[in-house]
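To keep things clear, I will list the structure first and then write my remarks on it.
When a ligand or atom number is given, it counts from 1 through the structure's own listing order. Only this structure's heavy atoms are used, side chains among them; waters, hydrogens and symmetry mates stay out.
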Amino acid sequence: MDTSWKNIDYLLDGIKDANRVILARAITLVESLSKDDQILANELLNALPRPTSISRRIAVSGSPGVGKSTFIESLGMQLANNGEKVAVLAIDPSSSQSKGSILGDKTRMEQLSRHPNAYIRPSPAGETLGGVARSTYASILICEAAGFNHLLIETVGVGQSEITARQLCDFFILLLLPGAGDDLQGIKKGIMESADLLFINKADGPQSERALDTLASYKQALHLYAARLDDWMVPVLTGSAFENKGISEVLQNINKYFNGHESFLLQRRSAQLQYWFRNFLEERIKNFLMGNEEAENVLIATTRKLESGAITPFEASEQAFRSLVELAQKNA
Ligand SMILES: Nc1nc2c(ncn2[C@@H]2O[C@H](COP(=O)(O)OP(=O)(O)OP(=O)(O)O)[C@@H](O)[C@H]2O)c(=O)[nH]1
Ligand SMILES: [Mg+2]
């Protein structure tokens, strides 16, 4: 296998030129689970040039089939036609179940993928969510270093992946379907609360009218939540990603949000840095414990003592912790 491309200078030069082939290789590197690759990946991420302006990281979430990919293509085309540089990434922890990637066969974003201002990265399949989050974050940094100033992140709005998306973006869009407003479509309160904009998609053909009812119920539901920003009422819009209806309004709202809340956005980014630092550290500690034979032996020996009745679980956890710290110091 040709590994000559695993070279920092080569990758950095390619990223600075926004060379699509080299971008893809750099992202492959940060997605790799191999230890050597990860060392090189960290080196690369550290050496990336800092972007000259602050990008816009926008997540698009919603149930499977709600139209996330279609919406991203429509929004992405408007941005790209306006001269913005658009990169599309995905957080897709379910890809191993659905045997395909979120940006896979169903919607290829054909138009956007051909646009010279756009870059679309298919999501890595079959990784753990932790791995996907880590590599998506790294991919964001790589794309920003390559000059992409709009990062559109597709994510299925379930459980942990939604929290991950929240921690990776500045602006969170939740897509909904017309007609199911009464029971709020089983959308958890948490997701509604964390959305910066709601878009009721597929408001076309016979669904148009129902979408208006849905709009009213969501607007009402949102009143129950406290606003996170004093001057940001979460907009509820309807439209059709398929027919490019309502997408300009979404864009207007995005502009309004980003142009009015600079210090809030910087605070949010700073909190995210801390979140990811702690998250990666926890992961590192867990991997050390799981993948290390000596650490495993410490746990086995302590378990024996515990089983023999020599110590209580309280004392066992304390003893094991001390031994693990010693081990970590030895191996550091
Ligand atoms: N009528 C109508 N159909 C739409 C609209 N947006 C998307 N669709 C259709 O809905 C289906 C799913 O669209 P996708 O964009 O793949 O949805 P998704 O949310 O990305 O789906 P997953 O990635 O599988 O979760 C496709 O057949 C689209 O053509 C819309 O605004 N109106
Ligand atoms: Mg999709």
Discussion item. Show every salt bridge (charged side-chain N to carboxylate O under 4.0 Å, His left out) that has at least one partner inside residues 313-322, sequence neighbours left out.
Written reply: E318-R322

Discussion item. Tell me if the CD atom of E262 is crowded by more than 12 foreign heavy atoms within 6.0 Å.
Written reply: yes

Worksheet item: Is there a heavy atom in G65 that sits closer than 4.0 Å to ligand 1?
Response: yes

Worksheet entry | Of the listed options I200, T155, D204, closest to atom 1 (N) of ligand 1 (non-hydrogen atoms) | D204

Discussion item. Does only the side chain of E154 get under 4.0 Å from ligand 1, or the backbone, or both, or neither? Count heavy atoms.
Written reply: side chain

Worksheet item: For atom 20 (O) of ligand 1, which of A203, G239, S69, S74 has the closest heavy atom?
Response: S69

Discussion item. Between R20 (side chain only) and Y119 (backbone N and O only), is there a donor and an acceptor less than 3.5 Å apart?
Written reply: no

Fill in: Polar side chain donor-acceptor pair, S4 to D2, under 3.5 angstrom
yes

Worksheet entry | Interfacing atoms of ligand 1 (cut-off 4.0 Å, heavy-atom, S240) | 30 (C), 31 (O), 32 (N)

Worksheet, complete the sentence: CG (N253) and CH2 (W232) are apart, to the nearest 0.5 Å, by 4.5 Å

Worksheet item: For the Mg ion (ligand 2), what is the closest N, O or S atom on E154?
Response: OE2

Worksheet item: Does F71, backbone or side chain, put an N or O under 3.5 Å from an N or O of ligand 1?
Response: no

Practice prompt. Enumerate the atoms of ligand 1 whose separation from the nearest heavy atom of T70 is less than 4.0 angstrom.
Written response: 6 (N), 7 (C), 13 (O), 14 (P), 15 (O), 28 (C)

Practice prompt. Kindly confirm whether the Mg ion (ligand 2) is within less than 2.8 Å of some N/O/S atom in T70?
Written response: no

Worksheet, complete the sentence: So for N201 against ligand 1, with non-hydrogen atoms under 4.0 Å, the contacting part is side chain

Worksheet item: Under the 6.0 Å and 45° cation-pi test, does R56 pair with F171?
Response: no

Item to complete: Just say parallel, tilted or perpendicular for the rings of H261 and Y257, cut-offs at 30° and 60°.
Response: tilted

